[in-house]
Amino acid sequence: MPLPTFHVGFSGQFDKILFLPQAHPRVVAWQVSWFQKESPLQTYIYVLQEWLKENGFKTGGHKEFLPHVTLCRAPFDYATWKKEFHKLPLMLKSLHLYESLGQLQYKPIWSHLILPPFEELEHTADIAFKIRGETVDQIYWHALTAMAFKMPELLDYAIESPQIDTVDAIIMQLNAIISRADTALGCMFKAVSLHGEIDLQTDGTLEWEMIVDV
Amino acid sequence: MSDLEKIAPATYLMAKTGQMKVPGLVIGTEQLLNNTEIAKPLEQVRNVACLPGIKGYSIAMPDIHWGYGFPIGGVAATDINTGVISPGGVGYDINCGVRLAIVPELFKQLKESQKKDLLAKVFKLVPSGVGRGHKERKALTDKDYHLLIAQGAKWSVDHGYGFPIDLENTESYGVITGADYQAVSSTAKERGRDQLGSIGSGNHFVEIGEVQSLLLPEIANAWGVQEGQIYILIHSGSRGFGHQVCQDTLDQFVQRGFAKGLPDKQLVAAPINSPEGKHYFSAMAAAANFAFNNRQQILHYVRQAFFEVLKTRPEEIRLIYDVCHNIAKFETHLIEGKPCKVCVHRKGAVRAFGPGVEELSPLYRQTGQPVLVPGDMGRASYLMVGCQNPLAGDSLTWCSCCHGAGRARSRIQSMKAWDARDPIQYMKQQGVQVMATSTRTISEEMPDAYKNVDEVVQACQEAGLAKIVARLKPHLVVKG
């Protein structure tokens, strides 16, 4: 099995409700959008599909991969599902390959763990996270996701392509999001503190200890 | 504990090492200091001791815990000519503080139905929780901001929230001079527009309970505090307005390079006399005055709740005192026999002036000022009296005292501990009724998340910072 080239998982959000397949919907699903535009995950999926084909597996052709999570099968109430949908953050920290046997039966074939994009740490007065990434840009998105796990609405106040090249830029951007969210609807966070630097780990990944004042 | 030397009752010296400009001073008992969580905050005490222009000691109160830059429970004074002013020494929640009011009725005379109604009424009238301000009220206009920033709590009194006597019983008479509307960003003003008169979230609260016991009856009598009376304790600050002022300043100071050479970037500070230092002080004072107004208005709504449920007239509910516990103030202290003006940073610490201090109102000039120390919602809060005089020259802590119990457990630990239990029911069994917009908040704020406030205040009393006047027992709590 080809292994992924990335060591740290990804973060994104469930940003849309889907009824699939579009022509004759049989399931409700939430669409996944990864925060990183050109995600190495997409590249890995193509590599994996090619490897499976070379090894005699049927892969259903080169259909564009639609990242999603299936939530329920028919019958379902369209209106209620649409009404109750809210954007939620997600993170990827492991990969699993299943073989579809038909009749809703799946056989697990292979698993691969990757480093979670973030973990919550102990902190007496505030909230602290260990944020991981492979680029400074990723550190920013993973930090935002960590906070969004506590308050999903924060994602609505993030701008699409912020200029991020240092930890100070990350902190300023996150605090700008907090300001916008607090003004609009109130925010459980006061601010991201000026704590810590982004450290290079021995495996080439980056880590930052983020402390958020609450 | 091995690098601390006991030099006086409940007072430990941390020797000057490395880049420290002054020694550290830690107030606490051996039991409190043997807590393993003290390592990081003590490192912060060392870092604070490196600030340019720091005088005396880098001080830690017995409720010390890990903050950013300064520890929470940290005090430091800097020379106004050669020293710096640090937003980390004040905190994001500028002029977070506490106010105590006394109700003439006895708590034990309240019927259960009245207690329930009172709690529900306070919960309804005083917005609490994330973002919640008074949505039905008009938001603050720029003209409102101009005036409340300049006038402090007097602005709220003039608009019908409370009484002029409340100002006499507020630290600095409810206003920090030097506040400047122009020093505050439009983002800060937008954040605070509909938040005035609301508690906020986290560990903020309105607490109603009983004056359980008097330990200094003569002082209590002088203040009109009697055993058994109902008390009201309010803990809140400058809300998003103050948070943004702090954030704007930190961004500016970092960009100007003021963090260079400091052991911790979060201690970033500007020379007091620099344009940036002056700008921060003016903005900080503006936020402090917002907070004074905030607590003044919250008390108004609590008085309203008492009137609607118990028919207690608002003027019968007397404000005892209002203290700041996140602030930087210019104060005159006797240093080496000379009165010197210093900038005293108190982050999670309270001023504790004793008898004879000119700044205090006539009553408190006789007795010393009240010092308010909320504990946790299960055990107790305390009313103390300050006993240090800045012009006596013998205070090691710039006449400061602790501000609360201090967290002992992280929020994760607290949530895990209460995950499978009903915290509201548990508190009810302990005689405390709690309301909050989120059960999560209650789990995070359970009594076992905090140090024992009895030990914290005992340490302050032993160290001569303040004396215990009364023990207060909470019974009805609205959490933020």
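Below, each value reflects all heavy atoms present in this structure, side chains not excepted, and no hydrogens, waters or symmetry copies. In what follows, chains are A, B, ... by sequence order, proteins preceding strands, each numbered from 1.
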Is it true that [X] and [Y] make a salt bridge, defined as a side-chain N closer than 4.0 Å to a carboxylate O?
| X | Y | value |
| --- | --- | --- |
| A:Lys130 | A:Glu119 | no |
| B:Asp142 | B:Arg193 | yes |
| A:Asp15 | A:Lys87 | no |

Part of [X] within contact of chain A (heavy atom distance under 4.5 Å):
| X | value |
| --- | --- |
| B:Arg409 | backbone |
| B:Ala449 | neither |
| B:Glu444 | neither |

Practice problem: Flag the pair B:Phe205 / B:His235 as yes when their ring centroid distance falls below 6.0 Å, and as no otherwise. | Solution: yes
Self-check item: B:Lys347 charged N/C atom sitting above B:Tyr68 aromatic ring, 6.0 Å / 45°
Solution: yes
Exercise. Sort A:Asp213 into side chain, backbone, both or neither according to what part of it lies under 4.5 angstrom from a heavy atom of chain B.
Key: side chain
Practice problem: Just give me the residue among B:Lys265, B:Gln255, B:Gln266, B:Arg407 that pairs up with chain A most often, heavy atom to heavy atom, under 4.5 Å. | Solution: B:Gln266
Exercise. Could you have a look at B:Arg411, B:His65, B:Arg440, B:Glu190 and say which one has the most heavy-atom pairs with chain A under 4.5 angstrom?
Key: B:Arg411
Quiz item: With respect to B:Tyr92, which candidate in B:Gln247, B:His243, B:Gln244 satisfies the side chain to side chain donor-acceptor pair (under 3.5 Å) definition?
Solution: B:Gln247
Practice problem: Pick whichever of A:Ile211, A:Leu121, A:Thr124, A:Thr183 has the most heavy-atom pairs under 4.5 Å with chain B. | Solution: A:Thr124
Quiz item: Picking from A:Ile127, A:Asp126, A:Leu194, which has the most non-hydrogen pairs under 4.5 angstrom with chain B?
Solution: A:Leu194
